[in-house]
Amino acid sequence: MDRTGTNLPAVGEYNQTVVLDAIRRRPEGITRSELAALTALSNMTVTNVCRRLLDAGLVDEQGRRAGGPGKPAAVVKLNPGGGFAIGVHIDPAAVTYVMVDLSGTVRDHSRTGTPAVGDPGLVIDEMANAIEALIVSSAVDRSRILGIGIASPGPVNTSDGIVLNPPMMPNWQRVPLRRALAEATGLPVLLEKDATAAVVAELWYADPGASRDFAFMYYGTGLGTGLSVSGEVVRGVTSNAGDAGHITVDPTGAVCPCGRRGCVGFITVPRTLVDRAVSDGVLEAVDLDDTDAVEGAFRRLAHLANTGDPAATAILTDAARALARAIVVVVNLLDIDRVIFGGPFWPPIAATILAALPEAVQNDPALVLPHPVRLAESAIPVDVAAVGAATLVLDNAFSPRPSALLLAAD
């Protein structure tokens with residue numbers, strides 16, 4: 001492959017994303033000379049890029065800062081209202097919507113029950129209506145909306161924007177969701193697997209010194225895993241990497257729909273925990289095919305555990321031990337030092353799970369890493385997958401990718 005020569009438009013676009021990303025990560029503001037030193041770009045390049053960003057309304061000049069001889073230099077800051085992204089998270093139990101500004105702040109959000117999961121067309125129609133309502137209620141300038149990001153259960157075909165066959169949404173077979181929603185809203189649309197979208201959000205919001213090697217355990221109606229290695233989202237050949245749900249953690253456990261016993265993605269999810277709680281007499285019988293009923297029963301189970309009920313606590317402690325076995329497999333494979341937890345069903349059980357999980361991970365005889373594994377909760381507001389879907393749009397537009405220069409020069 002001949003990589004000689006330079007694609008000048010690609011270089012210009014890449015330089016702009018480098019400068020904008022540096023400004024975004026300095027909320028207190030930064031001068032042009034500081035930008036040049038930070039990015040290793042020339043003063044002239046930084047000046048030209050800042051002029052374009054100011055003209056586009058993506059940054060503002062706010063005050064001046066003395067930095068040596070001569071007159072104080074202008075301070076450049078991100079203009080949060082310079083751009084917006086909409087994030088949508090589809091879960092079998094609910095659809096969550098967020099409006100996020102350029103700084104990553106959630107400006108508005110809403111949540112609806114997933115209507116008639118058996119009919120994707122009805123879901124897409126309601127999604128388009130909910131997005132329009134969100135735009136109106138947030139009162140943002142529609143021309144500043146960069147696009148819509150969708151976080152969907154996998155597997156997905158991100159290149160064609162198709163939701164393939166999510167196990168818990170059985171009638172969603174090869175749904176062209178990206179095209180349908182783009183046609184319904186008139187906005188650009190990106191599609192990502194939900195656990196991967198959560199990783200995008202964590203990287204976008206991360207402190208500069210935070211570890212860039214981590215797994216995200218996404219706990220919703222199902223269990224998903226997203227991965228970051230050296231600060232890059234691990235997507236895989238088809239953008240479906242990280243499906244750890246079929247790691248066997250209990251060879252004598254319940255039979256998973258895949259036909260094997262003890263898959264972590266089956267024995268730890270809300271439906272299975274509620275089923276066990278009913279069998280153990282902790283909860284009254286519920287319709288396990290009714291997502292609303294399962295969610296309500298799951299929250300009752302979590303409340304009982306949080307208030308000290310021994311039988312409820314035992315159920316969640318067993319789930320923590322099962323999660324620990326899967327976590328050990330993942331961290332051994334990737335040599336990562338951090339695991340982050342989040343998702344719509346995570347908060348109710350977080351306290352009980354995290355009370356048992358660290359010891360179960362560190363004492364697992366299969367753990368071979370020479371360093372401790374840190375366990376943390378996501379600090380992302382609202383629904384991390386929805387926020388991740390929105391930041392996917394921002395990341396696609398404004399995060400520098402050195403590989404883009406090579407691709408553009410082909």
Side-chain angles (χ1 to χ4, degrees), residues 154-155 167 193-196 198-199 202-203 210-220 222-237 240-273 275-276 305 312-343 345-346 349-378 384:
K193 197 172 75 164
D194 48 13
T196 305
V199 174
E202 290 295 330
L203 289 170
S211 171
R212 313 287 277 176
D213 296 273
F214 63 87
F216 192 103
M217 302 297 288
Y218 179 83
Y219 193 74
L223 178 70
T225 307
L227 305 169
S228 171
V229 175
S230 300
E232 290 288 336
V233 180
V234 177
R235 288 184 167 87
V237 174
N240 288 291
D243 188 350
H246 294 291
I247 293 176
T248 299
V249 294
D250 181 3
T252 63
V255 178
C256 175
C258 77
R260 295 187 295 181
R261 289 187 176 273
C263 293
V264 68
F266 178 71
I267 67 175
T268 65
V269 295
R271 187 182 190 276
T272 304
L273 298 182
D275 189 22
R276 176 179 165 183
T313 301
I315 292 172
L316 295 188
T317 299
D318 285 348
R321 291 174 181 142
L323 286 171
R325 296 187 191 104
I327 288 168
V328 167
V329 172
V330 173
V331 298
N332 280 346
L333 180 65
L334 298 174
D335 192 20
I336 56 178
D337 64 354
R338 190 161 61 118
V339 180
I340 302 172
F341 299 86
F345 284 86
W346 171 253
I349 63 170
T352 304
I353 295 291
L354 289 177
L357 195 60
E359 181 180 1
V361 170
Q362 296 301 337
N363 292 340
D364 193 312
L367 184 66
V368 299
L369 298 179
H371 55 72
V373 179
R374 293 174 293 159
L375 308 176
E377 293 187 78
S378 174
V384 65

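By convention here, the first residue in the shown sequence is residue 1. Note that the coordinates shown come from a computational prediction; the quantities given were computed from them, not determined experimentally.
Arg261 contributes a side-chain N or O that, together with a main-chain N or O of Gly253, makes up a donor-acceptor pair within less than 3.5 Å. With hydrogens and angles disregarded, a donor-acceptor distance shorter than 3.5 Å links the side chain of Asp213 to the backbone of Ser230. With Asn332 contributing its side chain and Ala366 its backbone, the two residues share a donor-acceptor pair below 3.5 Å. Of the possible polar contacts, one joining the Lys193 side chain to the Ala241 backbone as a donor-acceptor pair under 3.5 Å is found. Ser228 places a side-chain N or O within donor-acceptor distance of the main-chain N or O of Arg212, the cut-off being under 3.5 Å. With hydrogens and angles disregarded, a donor-acceptor distance shorter than 3.5 Å links the side chain of Thr272 to the backbone of Phe266.
Closest non-hydrogen pair, Leu227 versus Ala215, comes out as CD2-CB, 3.9 Å. Nearest heavy atom pair, residue Ser378 against residue Val384, reads OG-CG2, 3.8 Å. Listed here is the closest heavy atom pair of Ala312 and Ala305: CB-N, 3.6 Å.
Checked against Ile340 for a side-chain contact (heavy atoms from CB on, under 4.5 Å), the options Glu377, Met217, Glu202 give a single hit: Glu202. Phe341 pairs with exactly one of Phe216, Trp346, Tyr219 by the ring pair (Phe, Tyr, Trp, His ring centres under 6.0 Å) rule, that one being Trp346.
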Show every donor-acceptor pair shorter than 3.5 Å between a side-chain atom in residues 320-328 and any protein atom, with sequence neighbours excluded, or say none if there are none.
from	atom 1	to	atom 2	distance (Å)
Arg321	NH1	Asp318	OD1	3.3
Arg325	NH1	Val249	O	3.3

